[in-house]
There are 2 protein chains.
Amino acid sequence: MPRKPRIVKRSGDQTAQEEPAPGSAKRHQIMQGALAVFLEYGYKGTSMDRVAEEAGVSKQTIYSHFEDKEHLFHELVEYLSGSLFPEQQDHTKLFELEPEAFLIRVSQLFFEQMDRWEYKSFFRVVVAESGRFPELAQLYVKRAVEPGLAVLVAYFEKHPELRLQDPEVIARIFRGSLASFALVQDILQGKRLVPMSRERYISGLVETVLISYQRKPD
Amino acid sequence: MPRKPRIVKRSGDQTAQEEPAPGSAKRHQIMQGALAVFLEYGYKGTSMDRVAEEAGVSKQTIYSHFEDKEHLFHELVEYLSGSLFPEQQDHTKLFELEPEAFLIRVSQLFFEQMDRWEYKSFFRVVVAESGRFPELAQLYVKRAVEPGLAVLVAYFEKHPELRLQDPEVIARIFRGSLASFALVQDILQGKRLVPMSRERYISGLVETVLISYQRKPD
DNA sequence: GTCTATACCGAGATAGAC
DNA sequence: GTCTATCTCGGTATAGAC
């Protein structure tokens, strides 16, 4: 668990000399602390005291920047949605790959993303609160799921030689297979119970999707 | 927020003299209340007061049957794992279906299960607490995921004519695709953002898996 | 705007009567 | 074993000094 930008509280007089740009700096500082605590303990498990401690500010400072805990959580989720899934960089290099290499690369990128603890924790929180905060779940779908599907669909549609009947469905199958694998193996700790290497899974998945393409016409 | 009227229904025999046994009526009554509250509000969001109210017993009665909140939660998850995913009934009828019908039926059964609110809520809680209660997540994998995979693998291995290179991987792809679809569409409320019918998805998924089988040799 | 201190409530858990 | 009443702690949010 990497983290802990703790600020040691100073006793006695404090000549606030090192304060750079009071307003948004403090706000960002609070967000960082909130990020660490919310992602680790979930919404209900997070206390404002803990956030204040983690951010190195007083509780009242938090309440001077955010209306209440729920608003803080909302802003954090929006911030994370933009931070964890940045706007699509150009996929020109990716699109130049041939089908098999493309799908393998996409899979690797997916798992690289999934291996970040922020991502796993964020996913847990989003799923956990998807009943009470549906709009946050939808934001996740919009920022984390849709863009990945769009890339796959775009590639598939530019490669009719793959002979894919329904590119949108295939894209979901591909992305969904990767996501479920990561969910069961990593998030739900299924590695020990039903171990399987990512390489084997990716290989089988790519082969399944491309089977019409790879099959040599007799 | 209106709430359900609390009725304590006692069946005839209630000796109520011996120590609480695993099968006692009160114990079951508490579990039912705990089930409703934990599934709706999650672990941290559930208070023992609320459970007592929902179960129609006093709080102390809960503590006479369960050591503390965490133990109650543990027992509840074990109970739910056995209740929501009962021991495999014989799949003889299922196994008699031909490949396409078999996979379609399996998909339908999966979604029928997913449509129960207990299942969705249970999934949310399991994912939410998978970091703090890893053994519960593994129990879920063991009871909810593995059996489904086993059925698919068994079928695939009895049908070599399907020409599936790696039945275990294909089983995971199939089951994982279904799970991700339900996750995005239903749990994460993606229906409105990226709508797609289950029929279209199942159709494409079955077709993809069986493509080697269905392709007529030229 | 930021701090310390505090109000107020609900949480988990327990005591003691019956 | 079950209840009512209560303890103690930690939760969100606010007051008032600077």
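Heavy atoms only: backbone and side chains are in, while hydrogens, waters and symmetry mates are out. These figures come from a predicted structure and were not determined experimentally.
Taking atom NZ of residue A:Lys44 and atom P of nucleotide C:dG10, one finds them 12 Å apart after rounding to whole Å. Taking atom CD of B:Glu70 as the reference point, atom C1' of C:dA13 lies 14 Å away to the nearest angstrom. B:Glu53 has its CD atom 16 Å from the C1' atom of D:dT4, to the nearest Å. As a whole-Å value, the separation of A:Asp68 CG from D:dA13 P is 5 Å. Here the P atom of nucleotide D:dG16 and the OH atom of A:Tyr63 are 18 Å apart, to the nearest Å. Per the geometry, CD belonging to A:Glu67 stands 9 Å off P belonging to D:dA13, to the nearest Å. The separation between A:His71 atom NE2 and D:dT12 atom P is 16 Å, rounded to whole Å. Taking atom CZ on A:Arg50 and atom P on D:dT12, their separation rounds to 13 Å, with Å as the unit.
Relative ring orientation between B:Phe38 and B:Phe73 is described as tilted, the plane-to-plane angle lying within the 30° to 60° band.
Side-chain rings of B:Phe85 and B:Tyr119 approach one another, their centers coming within less than 6.0 Å. Under the 6.0 Å cut-off for aromatic ring centres, A:His74 and A:Phe133 qualify, their centroids lying closer than that.
Taking only side-chain atoms of B:Lys26, from C-beta outward, the nucleotide of C:dC3, D:dT2, C:dG12 with the closest atom is D:dT2. Out of C:dT2, C:dA13, D:dA13, the shortest distance to the side chain of A:Ser64 is found at C:dT2. The listed nucleotides are D:dG11, D:dG16, C:dG12; the one nearest the side chain of A:Gln60 is D:dG16. Nearest to the side-chain atoms of B:Val57 among the listed nucleotides D:dC3, C:dG12, C:dC3 stands D:dC3. In this structure, the nucleotide among C:dA13, C:dT2, D:dA13 sitting nearest to the side chain of A:Ser58 is C:dT2.
Residue A:Asp49 is in base contact, counting any heavy-atom pair closer than 4.0 Å across all strands shown.
Under a 3.5 Å cut-off, the side chain of B:Arg175 and the backbone N or O of B:Leu152 do not form any donor-acceptor pair. Side-chain atoms of B:Arg27 come within 3.5 Å of backbone atoms of B:His65 as a donor-acceptor pair (strictly under, hydrogens ignored).
Taking only side-chain nitrogens and oxygens, A:Thr61 never comes nearer than 4.0 Å to OP1 or OP2 of C:dG1.
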